[in-house]
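Written out below as C-alpha cells is the structure these notes cover.
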2 protein chains.
Amino acid sequence: MGILRKTKSVEIVVKQFDKDSSAISVITLVERLNSDMNKTTVYRILNKLEDDGVVHSFLGKNGHKWYAKCNNCSSTKHHDVHPHFQCITCGKVDCLDINVHIPEIPNRNVEIAQVLLQGQCDACIKN
Amino acid sequence: MGILRKTKSVEIVVKQFDKDSSAISVITLVERLNSDMNKTTVYRILNKLEDDGVVHSFLGKNGHKWYAKCNNCSSTKHHDVHPHFQCITCGKVDCLDINVHIPEIPNRNVEIAQVLLQGQCDACIKN
DNA sequence: TCTTAAATACAACTAAGTTGCAAATATAGT
DNA sequence: ACTATATTTGCAACTTAGTTGTATTTAAGA
Ligand SMILES: [Mn+2]
Ligand SMILES: [Mn+2]
Ligand SMILES: [Zn+2]
Ligand SMILES: [Zn+2]
C-alpha cells in the first residue's frame, strides 16, 4: 500500500531525490533528515514511495539499502531494473542506463538480475 | 591472515563445503554448527578460509553473507569471480560457471561486478 | 468544523555481525 | 614426552540496520 496523504514528511523525502540524481542510502537519509523526522518515518515513507513507483531500491556493497528516483514507473509497473555503480573511493552510487545481457542458464528460470558494479567514478579517477 | 592451525573447528567448517557444492549462508552455518562451536568461531574461521582462498563470499538477496567453495584459488590469487543464482522458491544458492559480459561504462573504471540472479531452480520449476 | 483513517514519534525490539578478553589448545623446540 | 608460547576459542557484551507496537497527531473528506 502506497502513500495516501501528502504530508510534510513525504514532501521532504521526495525532495531529496529531486535535487540529486544519484542514489541515496537509507543510512544517509535517516541521518540527513534526523531533525525533520524520526527514522521509522523515513523507512516507512521510502517503502511506500517504492510501492508507488516513485523510487526503487537495491543493496549497496555492504548489503545496505539504497534508493534512487524511478524514471517512468508506477505502482503497477516497475520497469526500472538496471545495474548500479558504486564508487569504491568516494562511495557514490548511480543508476546505470545500460543493459547487461544475462545468458540463458540451463535448468534455471532467471527472473531478476541484480547487478552491482564497483570501481572508480569519473571524479575519483581524476584525483 | 589465514588459518595457521588445523583445529577441530576448522575441520568441521571445511567439511560442510566438501559435502555440498551449493553455497551456504553464514546464518545456516552458525545454526547448523551451534552444538560444535560458537558463532564467533564460525565467523572467524570463514574469514580466514577466505583469506586462504579456500572459500569465497558474497551477499544473497537480503544482504546476508554466503560462502561457497573456491575452485582453484589461493591466498594470493582469488580468481573466483562469477555470478550467483538464488532460488526465490527454495532459497538455495549456487555458483554459476558462466561469464556475464559487462559493457564499458563511460567515465567509469569498473573493477568488480557483483551479479546475483534470482529465479527458480531446476527442482522448483518441476514442482 | 467535525470525524476518522492515515501518518508520525517514540521506545522497545530483532538479528547479523563484531570486539575484548580470559581460558584452552595446537605446535615447535627441547 | 614436556614445556613454552602464539593461536584459537568461548563467552558476554556490544554495534547497528531495520522492524514493530502503540499512543498521539494530523490530513482531508463530509
Ligand atoms: Mn537505479
Ligand atoms: Mn561462487
Ligand atoms: Zn568516486
Ligand atoms: Zn529452488
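Predicted model only: the values in this text are computed from it and were never measured. Protein chains get the first letters and strands the later ones, always in sequence-line order, with residue 1 at the start of each.
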Between B:Lys126 and B:Asp122, does any side-chain N to carboxylate O distance fall below 4.0 Å?
yes
Between B:His56 and B:Lys69, which heavy-atom pair has the shortest distance, and what is it?
CE1-O, 3.3 Å
Considering only heavy side-chain atoms of B:Arg5, the closest of D:dT8, C:dT19, D:dA27 is D:dT8
Closest of D:dG10, D:dG18, C:dT18 to the A:Val26 side chain is D:dG18
Could you please name the option among C:dG17, D:dC11, C:dA7 that lies closest to any side-chain atom of A:Met1?
C:dA7
Would the base of D:dG18 count as contacting A:Arg44 through its side chain, where contact means a donor and an acceptor less than 3.5 Å apart?
no
Which of the following nucleotides, D:dA17, D:dG10, C:dG17, is nearest to the side chain of B:Thr41?
D:dG10
Per A:Leu4 side chain, nearest of listed nucleotides D:dG18, C:dA6, C:dT18:
C:dA6
Rounded distance in Å - OH (B:Tyr43) to P (D:dC11)
17 Å
Does D:dT9 have its OP1 or OP2 closer than 4.0 Å to a side-chain nitrogen or oxygen of B:Thr7?
yes
Could you check whether A:Lys48 gets within reach of a base, just the sugar-phosphate, or nothing at all, counting any heavy atom under 4.0 Å?
sugar-phosphate
Closest to the side chain of A:Asn38, out of D:dG10, D:dT8, C:dA9, is C:dA9
Would you mind reading off the distance between A:Tyr67 atom OH and D:dA17 atom P, rounded to a whole angstrom?
15 Å
Looking only at side-chain N and O atoms, does A:Ser9 come under 4.0 Å of OP1 or OP2 in C:dT8?
yes
Please determine whether any donor N or O and acceptor N or O are separated by less than 3.5 Å between the side chain of B:Lys39 and the base of C:dG17.
yes
